[in-house]
Amino acid sequence: MDEEKAQQVGQAPQPDSQDLPPSPAKRGDKPMTKGQRQRRQRSVFQYIAILFAAAFLLLLYSFMMERRQYKSYLEQNQEQIDSLQQSASAVQRLDTLYEENAKLKEQVADLEEQLADANDQLDVLPDVISHQEHVLSETCRALDHFWQIDEAYVRGRYSLCRELIQEMEATENGQTPLKDYLPKESTTDNGRFSPYDRYLEIYEALY
């Protein structure tokens, strides 16, 4: 009996043939027909086509989204560029205004300087007018004496001529003698002496 137990322990229990799954041959399955294989292949192709279509739609959707984002990005960049251009234009206008302002300040300074010079000239203008009036008056007196001297000399009235010359040479109270007021240039083109040169000629002839 012990030996039977040992044999039972050493040997694994064998499964019953009724517990094993039936083989394909025993199941009675039949091989697929050509039509079944074609339908099966068509189903696979349709599935793959659907996958490709879905992938394509996803890519197209991604492309459209990327394009939309890119367009929005370009619009934002263009707005920034326009803003920068406007800022640059504003800066240029400010620079132009600064330059024009500086030029205007220079012109104002020049005008103020000219106005100051004009005021200075106005201050001395009465003196200038008075001096010119004096010169004109003395020139008229000198010419009057000169014509009398010339006429007296031509007529041989040398005494009267010398008296008039003395008046022309007189320097009373440090005044300029009348002879210096005689015109020193001739206003005619006949080659005649100027009144001053003619006076000197008569003066040298009598003294």
Side-chain angles (χ1 to χ4, degrees), residues 1-136 184-185 187 189:
M1 190 169 177
D2 294 332
E3 290 179 0
E4 290 178 358
K5 289 182 180 180
Q7 289 178 358
Q8 290 177 359
V9 172
Q11 293 180 357
Q14 297 295 327
D16 192 0
S17 58
Q18 295 179 355
D19 297 332
L20 294 175
S23 61
K26 292 182 179 180
R27 289 178 186 174
D29 294 338
K30 296 180 180 180
M32 289 188 297
T33 61
K34 184 176 181 180
Q36 291 176 343
R37 286 197 301 271
Q38 289 179 352
R39 284 194 299 270
R40 192 169 189 178
Q41 289 176 356
R42 192 179 298 113
S43 299
V44 173
F45 289 151
Q46 289 177 352
Y47 178 72
I48 293 174
I50 292 171
L51 290 178
F52 273 109
F56 177 76
L57 290 175
L58 287 175
L59 289 174
L60 181 61
Y61 178 76
S62 299
F63 173 74
M64 295 300 293
M65 292 298 295
E66 289 290 336
R67 185 177 180 181
R68 184 177 179 182
Q69 291 179 357
Y70 179 71
K71 186 177 181 180
S72 176
Y73 177 74
L74 287 179
E75 291 177 353
Q76 291 177 358
N77 286 342
Q78 187 63 39
E79 291 177 357
Q80 292 178 356
I81 291 172
D82 294 339
S83 178
L84 290 175
Q85 289 178 348
Q86 292 176 358
S87 299
S89 300
V91 171
Q92 290 178 354
R93 286 195 295 270
L94 286 176
D95 291 340
T96 303
L97 290 175
Y98 286 143
E99 292 176 359
E100 292 178 353
N101 190 22
K103 291 180 180 179
L104 289 175
K105 287 182 178 179
E106 292 178 358
Q107 292 177 359
V108 169
D110 294 337
L111 291 175
E112 289 178 348
E113 184 176 357
Q114 293 176 6
L115 182 60
D117 294 338
N119 289 330
D120 293 339
Q121 292 177 2
L122 287 175
D123 291 338
V124 300
L125 185 60
D127 295 337
V128 173
I129 293 174
S130 177
H131 175 72
Q132 293 296 329
E133 290 177 347
H134 175 73
V135 170
L136 181 61
K184 295 180 174 57
E185 294 181 358
T187 58
D189 295 330

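What you are looking at is a predicted structure, and each value in this text was computed from that prediction instead of being measured. Hydrogens, waters and symmetry mates are skipped; everything else that's a heavy atom, side chains included, is used.
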Between atom OG of S62 and atom CZ of R67, what is the distance when rounded to the nearest 0.5 Å? 14.5 Å
Separation between CD (Q86) and CZ (R93), nearest 0.5 Å, reads 8.5 Å
Calculate, to the nearest 0.5 Å, the distance between atoms CD and CD belonging to Q107 and E100 respectively. 10.5 Å
Between S130 (side chain) and P126 (backbone), is there a donor-acceptor pair under 3.5 Å? no
Between CD1 of I48 and OG of S43, what distance do you get to the nearest 0.5 Å? 11.0 Å
Any non-hydrogen side-chain atom of E79 less than 4.5 Å from a side-chain atom of S83? no
Is any side-chain heavy atom of K71 closer than 4.5 Å to one of R68? no
From CZ (F63) to CZ (F56), nearest 0.5 Å: 10.5 Å
D82 vs Q78, test: side chain to side chain donor-acceptor pair (under 3.5 Å). Steps then yes/no. CA-CA 6 Å; D82 294 339; Q78 187 63 39; 3.1 Å; yes
Output for pair (Y70 OH, E75 CD), nearest 0.5 Å, gives 12.0 Å
L125 and side-chain contact (heavy atoms from CB on, under 4.5 Å): which partner among D127, D123, I129? I129
Worked check of side chain to side chain contact (heavy atoms under 4.5 Å, CB included) between R42 and Q46: CA-CA 6 Å; R42 192 179 298 113; Q46 289 177 352; 3.8 Å; yes
Steps toward side chain to side chain contact (heavy atoms under 4.5 Å, CB included) verdict (Y61, L57): CA-CA 6 Å; Y61 178 76; L57 290 175; over 6 Å; no
Are there more than 12 heavy atoms of other residues, nucleotides or ligands under 6.0 Å from atom CD of E185? no
V44 vs Q41, test: side chain to side chain contact (heavy atoms under 4.5 Å, CB included). Steps then yes/no. CA-CA 5 Å; V44 173; Q41 289 176 356; 5.5 Å; no
Passes side chain to side chain contact (heavy atoms under 4.5 Å, CB included), L97 versus N101? Steps please. CA-CA 6 Å; L97 290 175; N101 190 22; 6.0 Å; no
Could you tell me whether K103 atom NZ has more than 12 heavy atoms of other residues or ligands within 6.0 Å of it? no
Is a donor on one side and an acceptor on the other found under 3.5 Å between the side chain of S89 and the backbone of Q85? yes
